[in-house]
Colleague: 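Here's a structure for you.
Remember, predicted model here, so these are calculated numbers, not experimental data. Counting convention: from 1, in listed order, for ligands and their atoms alike.
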Amino acid sequence: MQRDSDTADALIAADWVLTGASRLGTCAPDASPAAGGALGIIEHGAVAAHQGRIVWVGPESDLAQSVDLAGVPDSARLDAGGHAVLPGFVDSHTHFIFAGDRAEEFQLRHAGVSYEEIAERGGGILNTVRATRAADAETLLALGRSRLRSFAAHGTTTVEGKTGYGLDMATEARCLAIMDALAAEPGLPHIIPTFLGAHTLPPEYRGSTEGRARYVASICDEMLPAFAGKARFCDVFCERTAFTVDETRRILARAQALGYQLKLHANQLGATGGAELAAEFGAVSADHLDFASDNDLRALAAAGVTATLLPGCSFSLAMAYPQWQRFREAGLHLALATDYNPGTSYCENMQIMLALAVNAMHATLEEALLAATLGGARALGMQDEVGSLEPGKRCDLLVLTGADERELAYHFGVNLVERTVIGSIPSAKPISLPE
Ligand code: NIG
Ligand code: FE
């Protein structure tokens, strides 16, 4: 998309430019002939955009001969100040709409009570379901907005958000409506809504096989038809404490018939058959996969399913980390996400996930960064839309506090993102953290 021309009419129209980057990590090695390495780094790279979409990337020294800078007002010229620039993170797995917290349970777990035991006692997800059902829409909206601001402050420009703390028609609908309202607010990350009514069995259906069947029927016959077109994805927690393979198959089949794209929480706590199911349905992503076998991984790769790794869960649950090498060798497309939720990964900071991916899962920094950007986009079926800095994609990027992206993972536990740009709209500098 680069053009070399001396004539003004061959210049690319733009209304926004970024200059002053030390290194521009495009995550798209083909974005420009000047891009090098797995991350497609352009030394002293620049970006031009028009109406929120990237129209040109390349070395800053080529910018003026390629782009019509006369059309770019001063207020739309961003100077990265000699810092490194990357695509915004695409967080493809979060549960950011909920009320309450579970700090007490976190302490219980460290006193030796397992996550599954807490769930069996009526705590865990159900604890958050009670708090979420009791919260009014205004409270949930304010919580969601403040969390999204914090995602953005840490470099994330697209956030998938799951329902699943309502588990009844009214509350699930309220959570989807809140995501819809937040999606219309400027300056927040893009939101991709997922229906996760099959998160756990709600209390009112517990205690009998017949109750389980009735809840699955209510998902298939009432909720899925009602939310078609409102949620882009349908997800199921296919796990010992949640839904069986047969129940999951029923829900996925119905969702697919209604036009939802599919995701699956698979093989997080045990070898429960979720990964095979994700391959069978050709889900867009299968997430967690801590207990996936080599056969499972091969089946997922053959079916083109993106594997989403969530090291924040391994960290919070003090579990072993799946090793990156197994996924790499299976030839899978990989995404890295936070799984932001109040139970098993209360963290919206993708930079922490990069540190865990590199230091505990033994990914290279390039692999981890690609998984947190383009990989996340792929896990949302949005690889043509976001996840890399190349012409045609949304102008979503982050400016680091330093000159080199290799500080990520190495310098951990602090926010290395100075500024986030979403659809060419930069956040204020310095980024304000949520109240
Ligand atoms: O991805 N799978 C369940 N969902 C979350 C946990 C949710 C919770 O504990 O509230 C997960 O780990
Ligand atoms: Fe999750």
Colleague: Judged by non-hydrogen atoms, does His288 sit under 4.0 Å from ligand 1?
Modeller: yes

Colleague: Are the side chain of Glu160 and the backbone of Thr94 linked by a donor-acceptor contact shorter than 3.5 Å?
Modeller: yes

Colleague: Between Thr401 and Glu418, does any side-chain donor sit less than 3.5 Å from a side-chain acceptor?
Modeller: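 Thr401 vs Glu418: no donor-acceptor pair found between side chains.
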
Colleague: Show which atoms of ligand 1 fall inside a sub-4.0 Å distance from at least one heavy-atom site of His93.
Modeller: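 Selected atoms, number and element: 1 (O).
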
Colleague: Starting from atom 12 (O) of ligand 1, locate the nearest protein heavy atom and write down its residue, its atom name and how far away it is, to 0.1 Å.
Modeller: Thr344 OG1, 2.8 Å

Colleague: Give me the residue, atom name and distance of the protein heavy atom closest to atom 2 (N) of ligand 1.
Modeller: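 In this structure, atom 2 (N) of ligand 1 has His265 CD2, 3.0 Å as its nearest protein heavy atom.
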
Colleague: Is there a side chain to side chain contact (heavy atoms under 4.5 Å, CB included) between Leu18 and Val399 once you walk through the steps?
Modeller: CA-CA 10 Å; Leu18 174 138; Val399 181; 4.3 Å; yes

Colleague: Using a strict cut-off of 2.8 Å, how many protein N/O/S atoms surround the Fe ion (ligand 2)?
Modeller: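 Those protein atoms number 4 in total.
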
Colleague: Got a donor-acceptor contact below 3.5 angstrom from the Ser22 side chain to the His83 backbone?
Modeller: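 A pair under 3.5 Å: yes.
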
Colleague: Closer than 4.0 angstrom: is that true for some heavy atom of Gln268 and an atom of ligand 1?
Modeller: yes

Colleague: Return each pair, listed once, that meets salt bridge (charged side-chain N to carboxylate O under 4.0 Å, His left out) where at least one residue sits in residues 86-103; pairs must be two or more places apart or across chains.
Modeller: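 The answer is Arg102-Glu105.
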
Colleague: So does Phe96 get a backbone contact from the side chain of Arg147, meaning a donor-acceptor N/O pair under 3.5 Å?
Modeller: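 Pair found, side chain donor or acceptor close to backbone of Phe96.
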
Colleague: Distance under 4.0 Å to a non-hydrogen atom of Asp339: what atoms of ligand 1 satisfy this?
Modeller: 1 (O), 11 (C), 12 (O)

Colleague: On the ring face of Tyr215, is Arg206 found with NZ or CZ under 6.0 Å from the centre and within 45° of the axis?
Modeller: no

Colleague: How does Arg102 reach ligand 1, by side chain, by backbone, by both or by neither, if only non-hydrogen atoms under 4.0 Å count?
Modeller: side chain

Colleague: Within the 4.0 Å heavy-atom shell around Tyr165, which atoms of ligand 1 are there?
Modeller: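 This gives 7 (C), 8 (C), 10 (O) as the contact atoms.
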
Colleague: Ignoring hydrogens and geometry, is there a side-chain-to-backbone donor-acceptor pair from Asp180 to Ile178 under 3.5 Å?
Modeller: no

Colleague: Tell me, which pairs form a salt bridge (charged side-chain N to carboxylate O under 4.0 Å, His left out) where one or both residues lie in residues 268-292, sequence neighbours left out?
Modeller: Arg249-Glu280

Colleague: Just jot down the ligand 1 atoms closer than 4.0 angstrom to any heavy atom of Tyr115, in number order.
Modeller: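 Ligand 1 atoms under the 4.0 Å threshold to Tyr115: 6 (C), 7 (C), 8 (C), 9 (O).
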
Colleague: Quick one: list whatever passes side-chain contact (heavy atoms from CB on, under 4.5 Å) with Pro225, sequence neighbours left out.
Modeller: Arg254, Leu258

Colleague: Which of the atoms of ligand 1 are close to Ile125, meaning less than 4.0 Å from one of its heavy atoms?
Modeller: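 Answer, ordered by atom number: 7 (C), 8 (C), 9 (O), 10 (O).
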
Colleague: Please confirm whether Asn341 approaches ligand 1 to less than 4.0 Å, judged on its heavy atoms.
Modeller: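 Right, Asn341 reaches ligand 1.
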
Colleague: Could you tell me whether Glu385 and Lys393 have a side-chain N and a carboxylate O separated by less than 4.0 Å?
Modeller: no

Colleague: At less than 4.0 angstrom from any non-hydrogen atom of His199, what atoms of ligand 1 do you find?
Modeller: 2 (N), 3 (C), 4 (N), 5 (C), 7 (C)

Colleague: Should the pair Glu348-Arg149 be classified as a salt bridge under the 4.0 Å nitrogen-to-oxygen rule?
Modeller: no

